[in-house]
Protein chains: 2
Amino acid sequence: MSDVARAAGVSTMTVSNVVNDRPGVSAEVRRRVLRQLADSGYRMNVSARNLRSGHSGVIGLAVPGHDVPYFGSLAMHIAREADQRGYRVAVEQTGAQEAGEVAAIQFSRAMDYDGLILSIVGMDLEKLEVAPTFPIVLLGERENPTAADHVSMANREGSRAAVEHLREQGARRIAFIGGPDTPDQTIHSLRLGGYRSALEQAGLGVDPALLFDASEVTMESGRLAGHRLAREIRSARQEGRPAPDAAFAITDTVAFGALRGLADHGVTVPEDLLLVGFDDIPEAAFMVPALSSVAPDLAWTARRAVELLLERIGASGRPGGAESRQVREETIPWSLEVRESSTPVRSQQGSVPVPGAEHTEGSAMAEQDAFLVAQTPPSSSTSTGDAS
Amino acid sequence: MSDVARAAGVSTMTVSNVVNDRPGVSAEVRRRVLRQLADSGYRMNVSARNLRSGHSGVIGLAVPGHDVPYFGSLAMHIAREADQRGYRVAVEQTGAQEAGEVAAIQFSRAMDYDGLILSIVGMDLEKLEVAPTFPIVLLGERENPTAADHVSMANREGSRAAVEHLREQGARRIAFIGGPDTPDQTIHSLRLGGYRSALEQAGLGVDPALLFDASEVTMESGRLAGHRLAREIRSARQEGRPAPDAAFAITDTVAFGALRGLADHGVTVPEDLLLVGFDDIPEAAFMVPALSSVAPDLAWTARRAVELLLERIGASGRPGGAESRQVREETIPWSLEVRESSTPVRSQQGSVPVPGAEHTEGSAMAEQDAFLVAQTPPSSSTSTGDAS
DNA sequence: TTGTATGCGTTATCAT
DNA sequence: ATGATAACGCATACAA
């Protein structure tokens with residue numbers, strides 16, 4: 001910058017003013033400086049500016065893994081949202097849910113970010129020893145005991161709606177594919193809670209034989225659970241007892257794996273079994289069969305998360321700043337997307353290579369739409385959440 | 001740091017030495033400083049350190065979209081690789097392939113990174129006006145005219161192997177699902193080139209009627225292509241001319257969409273049509289049917305990309321640094337993963353809810369393995385690439 | 001409208 | 001083994 005100043009015959013301060021487009025610079029001088037700026041190929045040293053200004057203009061986003069579709073989709077929305085507010089988003093992965101360690105790493109790593117949006121998955125919130133001065137917004141499970149803002153998923157309500165929907169579709173023995181129940185609030189315990197509450201409302205209890213473990217929340221664990229579920233269906237039918245006729249998977253990713261696992265054993269969805277997932281990842285609508293899913297409003301989530309974080313960043317400078325602000329807790333609006341996987345078929349489609357009806361691109365689109373919004377969600381499953 | 005120094009009765013320099021674990025500090029003093037460090041809750045100011053050291057310890061990774069599975073997978077590998085070398089990775093999304101603009105944005109944004117790994121998709125490399133002093137490694141298409149290191153996909157070879165494989169499986173009319181041919185090197189033109197070259201080697205030409213557009217490289221565009229392909233199959237059969245019996249999709253994501261589009265019209269894979277994709281995204285093995293795919297070695301890719309970038313970062317300080325180093329061009333090793341989607345079935349599995357054979361978890365695993373490595377890739381499709 | 005002095009938190013260098 | 005000093009590149013405060 002001093003080079004540019006010398007070449008333009010002004011002081012570095014004037015150059016700084018030009019670069020940052022501040023008023024108080026004559027048009028003539030500005031022109032000269034701009035010219036020099038271009039010629040010299042000058043570029044701001046961001047570190048120096050950060051050092052001086054005390055902020056970096058980037059917010060961090062910590063997700064469990066870059067390769068998890070749900071978080072990929074979330075990251076996209078958050079990046080879009082932050083862009084609009086002049087912030088950059090740097091996405092990091094926490095690797096897994098190794099509570100304390102990962103959280104600590106995340107935190108220390110985030111020190112040069114202005115703030116952090118942290119997706120916690122199955123991690124003990126108590127272990128999150130966040131310095132109360134650092135702006136953080138938590139994303140994820142419900143009922144947050146920490147002193148940090150929190151945008152939370154309606155895990156219980158969403159899961160309940162999914163199971164109620166399955167019952168409305170005629171399902172009588174509904175399996176749960178997910179992790180074990182735990183005292184602390186994890187994705188597993190909460191969504192299992194919703195499953196239980198739907199059953200209890202129908203006057204039923206949870207049959208342990210209908211709980212199929214997929215604690216890892218991966219496609220592979222879903223597949224293995226699918227294998228076990230298929231075997232249970234077979235056994236039940238052979239032994240003449242009622243077989244599972246539906247399943248709620250804790251995650252679309254798990255559901256995807258389960259779909260594969262069931263197929264491995266010749267069990268088809270929705271003919272043999274109805275299936276609903278959670279997250280409504282972009283892939284859900286494209287699976288065969290298209291996967292019904294509890295769909296959190298990701299655009300809303302991204303907007304609120306960024307807004308809350310920016311508010312806290314703004315407050316963290318001023319007296320009685322970040323630490324004293326009241327903690328906010330908001331719940332993500334959601335809906336239930338009903339697709340093929342939970343819609344009992346009237347007549348088997350079969351593998352007919354040549355469809356009977358004529359199809360143009362337009363009619364194909366219409367057909368596709370019919371698949372995507374096959375059915376209006378029941379009233380209990382419409383959007384909810386306090387978008388305060 | 002000066003607070004800590006004062007409290008510990010030493011100089012800031014000594015504190016710095018302790019913090020950075022440098023030699024030349026007596027055990028006694030180190031203990032005292034460490035204690036103060038802990039008590040005071042001190043944390044390094046990264047901006048200041050960066051200002052002083054001249055580098056940030058962060059490398060950027062620019063991908064088209066956070067929500068593209070292939071790049072999610074890639075990001076995961078790169079993050080792992082960089083971690084091992086003490087670097088952090090910040091992932092940003094370029095939004096799309098808007099050549100010049102996006103590249104410029106990326107570049108300016110990357111200024112406080114030590115370097116950038118840039119995934120270019122369908123973007124004109126010529127438009128990438130990169131300041132030759134900034135360390136960049138390009139990831140993506142082949143034959144790079146820019147003055148930057150480049151780790152490239154074996155687009156032609158991989159595509160050719162896929163199509164050859166389809167022919168070996170008995171396919172006679174192989175469709176291409178992807179974007180249009182262009183003079184410049186895009187993912188479309190290159191993979192189409194491989195498709196063409198495989199056909200020509202078999203003494204055939206490219207039939208324009210077998211080119212199904214999916215230029216957007218999304219699930220949705222794949223689905224629409226699937227619709228058109230299904231209609232072509234129907235028409236051909238009705239009119240008694242040979243129908244497409246296989247397809248090569250430019251990307252697994254497109255293949256996934258195509259699978260859905262075909263299913264919309266009752267066309268099943270592999271019974272009615274064989275299908276191979278490209279990228280071998282994690283989902284490929286879990287699709288029903290499991291998707292055959294050209295599988296680039298992502299771990300290798302990540303390692304080389306990071307290594308090349310770090311070399312260039314290292315050189316950029318020294319005299320005759322980054323700009324003068326010779327540009328490196330390497331090709332990613334790959335293999336062909338053959339799965340169900342390109343394996344003609346002997347006897348139709350059908351939708352039998354109760355499999356005949358007994359299944360334990362173990363035998364289920366065995367069955368799964370059988371699916372995953374259903375067949376050894378032909379010799380022409382084994383790993384290749386100059387891992388120099 | 002423009003310039004000067006000063007300091008942000010850290011580390012390299014040189015001295016002790 | 002430890003400390004004093006200067007400097008990294010910029011922006012705030014104030015003087016001119």
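With respect to A:Glu81 and A:Arg303, no salt bridge is recorded, no charged nitrogen being found less than 4.0 Å from a carboxylate O.
Within the 3.5 Å criterion, the main-chain N or O of A:Val10 finds no donor-acceptor partner in the side chain of A:Thr14. A donor-acceptor distance shorter than 3.5 angstrom exists from the side chain of A:Asp297 to the backbone of A:Ala299, with no hydrogens or angles considered.
Taking atom CG on B:Leu51 and atom P on C:dT10, their separation rounds to 11 Å, with Å as the unit. In this structure, the CE atom of B:Met1 is 14 Å from the P atom of C:dC8, given to the nearest Å. The CZ-P distance, from B:Arg6 to D:dG3, rounds to 14 Å in whole Å. Here C:dT10 presents its P atom at 10 Å from CG of B:Leu37, a figure rounded to the nearest Å.
Within residues 13-34 of chain B, the residues having any heavy atom under 4.0 Å from DNA chain C are, by residue number, B:Met13, B:Ser16, B:Asn20, B:Arg22.
Contact record, B:Glu329 with B:Ser152: OE2-OG, 3.5 Å, taken as the closest heavy-atom pair. Nearest heavy-atom pair across A:Trp300 and A:Thr331 is CH2-O, 3.5 Å.
Residues B:Ala48 and B:Thr12 each lie close to DNA chain D; by heavy-atom proximity, the contact nearer the 5' end of the strand is made by B:Thr12.
Remark: of the listed residues A:Ser119, A:Pro296, A:Pro69, A:Ser119 is the sole one forming a side chain to side chain contact (heavy atoms under 4.5 Å, CB included) with A:Leu74.
Under the rule for a salt bridge (Lys or Arg N to Asp or Glu O under 4.0 Å), B:Arg80 has no partner lying at least two apart in sequence or in another chain.
In terms of polar N and O atoms assigned as donor or acceptor, the side chain of B:Arg52 comes within less than 3.5 Å of the base of D:dA7 in a complementary pairing.
The C1' atoms of five pairs define one axis at each end of the helix from C:dT1-D:dA16 to C:dT16-D:dA1, and these two axes lie 40° apart (to 10°).
The distance from the CD atom of A:Glu311 to the CZ atom of A:Arg328 is 5.0 Å, given to the nearest 0.5 Å.
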